[in-house]
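Numbers here are sequence positions counted from 1.
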Amino acid sequence: MLKIGIICAGDRELEPFLQHIENCRISEKAMLKIYEGTVNGINIVTLFCGVCKVNAAIATQILIDYYNVNSVINAGTCGGMVNELEIFDTIISTEVAYHDVHDDVLTGFHPWLETVYFSSDKRMLDISKKATANISNGFKIVFGRMVTGESFITQDGRDEINEKYSPLSVDMETGSIAHVCYVNRIPFIAIRTITDTPTQSGAENFDINCEKASKIAKDIVLQFLKEMKLEYEV
């Protein structure tokens, strides 16, 4: 039985999902409020985890251990890292890395990765490509690399991150969610919409654009769930 965890960083990113949950039940674990129900006929468990890597990791492990999710979607917002993408464009992860963890930490020690990148689940990627093929919301939907770290990137550090990782986006949670899913062998993908860019950077742009970006990401996730239901019914 499909049971999908949807993890958002903040309450504003989670809010657009709540109206779509049928038969919603609310519980609490580790000071987190968790919402369970169905969306588009699929069992989902969702929450906002709070900002930063540790909070995201805690939430992910809880959804796996206590709520028995068997796939995870990281949904919400991100910072754009390339000039070709604009505010309200959406990135769907193909792979994710930490931009603030030394290369050999995860390759030389647990979980002994072959590279510094956590790959998104291939089946979920295929489903997301089908789901987004006919979406026309006036903004781009692209597939590519995301990176995660413990700081909100404005301009400081941007060039170094781009030079080393060439990511499409940056955030503070995706890498750790992918990390926890990897060690638990749980399929993972991230769908995040841009709130700020290299030319329109800063927390003020995040604040201005978060609500709309979160709704765009939510709409794409809902379309993904429709396609996923079809895929698993075949």
Report task. Could you please spell out the steps behind the side-chain contact (heavy atoms from CB on, under 4.5 Å) verdict for Thr90 and Arg192? Result -> CA-CA 6 Å; Thr90 298; Arg192 301 185 71 141; over 6 Å; no
State, without any angle test, whether [X] and [Y] hold a side-chain donor-acceptor pair at a distance under 3.5 Å.
{"X": "Thr94", "Y": "Ser120", "result": "no"}
{"X": "Lys53", "Y": "His179", "result": "no"}
{"X": "Ser27", "Y": "Tyr67", "result": "yes"}
{"X": "Ser201", "Y": "Asp196", "result": "no"}
{"X": "Thr77", "Y": "Thr195", "result": "no"}

Requested in this report: Check whether any side-chain N or O of Asp100 sits under 3.5 Å from a backbone N or O of Glu150 as a donor-acceptor pair, and report yes or no.
Outcome: yes
**Report entry** side chain to side chain donor-acceptor pair (under 3.5 Å) involving Asp104 - partner list, sequence neighbours excluded
**Finding:** His102
Acceptor/donor pairs from residues 30-45 side chains to any protein atom, 3.5 angstrom cut, sequence neighbours excluded:
from, atom 1, to, atom 2, distance (Å)
Asn40, ND2, Leu222, O, 3.0

Requested in this report: May I ask you to check whether over 12 heavy atoms, not counting those of Glu204, lie within 6.0 Å of atom CD?
Outcome: yes
**Report entry** Joint hydrophobic cluster, Phe48 plus Val51, side-chain heavy atoms closer than 4.5 Å
**Finding:** no
Report task. Is it possible for you to say whether Ile177 and Val69 belong to one hydrophobic cluster, with membership spreading through side-chain heavy-atom contacts below 4.5 Å? Result -> yes
Requested in this report: Identify the two heavy atoms, one from Phe139 and one from Phe88, that lie closest to each other, and give their separation to 0.1 Å.
Outcome: CB-O, 3.2 Å
